[in-house]
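We number each residue from 1, following the sequence as shown. Side-chain atoms are counted along with the backbone in the values below, which use heavy atoms only and exclude waters and symmetry mates. Every value quoted in this text rests on a predicted model; they were computed, and no experiment measured them.
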Amino acid sequence: MPEFLAELIGTMILVIFGGGVVAGVVLKKSKAEGTGWVLITLAWGLGVTMGVYAVGNFTGAHINPAVTLGFAITGDLPWAKVPMYMSAQVIGAFIGAIIVFLNYLPHWKETKDKVAKRDVFSTTPAIRSPFSNLVSEMIGTFVLVMGLLFIGANEFTEGLNPLIVGALIVGIGMSLGGATGYAINPARDLGPRIAHALLPIPGKGSSDWSYAWVPIVGPLLGGAYGAVFYQAMFVGEFSILFWILSAVVAIILVGAASSELKLGKTKADKAEKNIV
């Protein structure tokens, strides 16, 4: 199988499982309606597992531009292949989102909540605060890429690797995903968001392009930093890129924390004045 097709199919499988479970949970009159976050995280993990089983022998099943970028940085993928892998992943996610749309055809018109319908396709933060949301996506993808490199450094019984990777996704979703819906994958968010914009979904509302940069930039930064951090701390290779990204990440973290603390103080002061 050509590598382009493998990454396309693997990412399509991922989104069919992931977008499909969100649709089942949030769309009206679905038998899975209201079953919640645990079900969503489990299905996303199984989606990754199935994607890896499907195409792992052909490309290693990156199915995520942040992983592709991280593996290029560590030297596990030639840089010349990065654009091809990433474009295949976005197209695969787009196709997967269309399949989810078709699977739940009668349910779109039954669902009045526009945000819920968009959530089937792309992420929406629990509390909209772009730079804090960026930090959350960076941390989740940092853990993802580091976890994949940890897994790759160990030997597992043949066939178990995809299950371990799926468990990693479940763990990230359950522990870190509540802030933003854990895209941790630019293709998983961008491809379906484009599908949401183009599909004739009844009463669909905005595709929220003003937020779309967060689940692209955050995972790419987090994935890249996870790769250079692993190389520095576990392999002993301290590159210039490690120091540059360390500085960038530190600035973003401090800036986001400072912004949230100032906002919290302002709200507290207003509340105190109201009491007085």
Side-chain angles (χ1 to χ4, degrees), residues 48 60-83 85-86 89-90 123 125-154 164-165 167-169 171-190 211-265:
V48 170
H62 295 186
I63 59 178
N64 182 339
V67 173
T68 294
L69 178 61
F71 282 11
I73 289 172
T74 60
D76 294 314
L77 180 75
W79 281 101
K81 292 186 178 183
V82 170
Y85 271 53
M86 289 185 176
Q89 291 154 1
V90 173
T123 56
I127 298 174
R128 186 174 291 259
S129 181
F131 285 102
S132 294
N133 302 147
L134 181 71
V135 166
S136 179
E137 289 291 342
M138 286 170 53
I139 292 172
T141 317
F142 173 85
V143 172
L144 169 63
V145 171
M146 287 278 285
L148 292 174
L149 292 169
F150 293 154
I151 292 167
N154 290 273
I164 304 302
V165 173
L168 172 63
I169 299 299
I172 292 172
M174 288 184 172
S175 58
L176 301 172
T180 62
Y182 77 122
I184 60 172
N185 181 339
R188 163 264 178 277
D189 193 276
L190 178 59
Y211 179 77
W213 68 275
V214 173
I216 295 174
V217 176
L220 290 175
L221 272 174
Y225 192 56
V228 296
F229 188 89
Y230 179 87
Q231 289 290 92
M233 299 300 168
F234 292 87
V235 183
E237 297 178 1
F238 287 82
S239 63
I240 294 175
L241 184 58
F242 167 76
W243 297 112
I244 293 173
L245 286 178
S246 293
V248 170
V249 168
I251 290 168
I252 293 173
L253 292 176
V254 171
S258 175
S259 176
E260 289 298 330
L261 289 173
K262 286 180 181 178
L263 182 61
K265 185 177 185 303

**Asked** What class does the angle between the rings of Y230 and F234 fall in, given that below 30° is parallel, 30 to 60° is tilted and above 60° is perpendicular?
**Response** parallel
| task | Kindly assign one of parallel, tilted or perpendicular to the pair H62 and Y85, based on the angle between their ring planes and the thresholds 30° and 60°. | result | tilted
List the atom of [X], the atom of [Y], and the distance in Å for their closest heavy-atom pair.
| X | Y | result |
| --- | --- | --- |
| P186 | A66 | CD-N, 4.0 Å |
| G181 | T123 | O-CG2, 3.7 Å |
| W79 | A72 | NE1-O, 3.5 Å |
| G226 | L149 | O-CD1, 4.3 Å |
| I164 | I151 | CG2-CD1, 3.6 Å |

Ring pair (Phe, Tyr, Trp, His ring centres under 6.0 Å) filter on Y225, not counting sequence neighbours, yields F142, F229
key: Candidate pair M86 and L69, rule side chain to side chain contact (heavy atoms under 4.5 Å, CB included), full reasoning   = CA-CA 9 Å; M86 289 185 176; L69 178 61; 4.1 Å; yes
Answer yes or no: is there a donor N or O on one side and an acceptor on the other, between the side chain of [X] and the main chain of [Y], under 3.5 Å?
| X | Y | value |
| --- | --- | --- |
| E137 | V214 | no |
| D189 | P215 | no |
| N185 | I63 | yes |
| S258 | G255 | no |
| N64 | I184 | yes |

**Request:** Classify the side-chain pair E260/S132 by whether it contains a donor and acceptor separated by less than 3.5 Å.
**Result:** yes
Check whether the side chains of Q231 and S239 place a donor and an acceptor atom closer than 3.5 Å, and report yes or no. no
(request) Apply side chain to side chain contact (heavy atoms under 4.5 Å, CB included) to the pair L168 and F150, showing each step before the final yes or no. (result) CA-CA 11 Å; L168 172 63; F150 293 154; over 6 Å; no
Review point. So I73 and V228, side chain to side chain contact (heavy atoms under 4.5 Å, CB included) or not? Walk me through it.
Key: CA-CA 7 Å; I73 289 172; V228 296; 3.5 Å; yes
Using the rule given for side chain to side chain contact (heavy atoms under 4.5 Å, CB included), can you reason through I169 versus V48, listing the C-alpha separation, both sets of side-chain angles and the distance that settles it, and then say yes or no? CA-CA 8 Å; I169 299 299; V48 170; 3.6 Å; yes
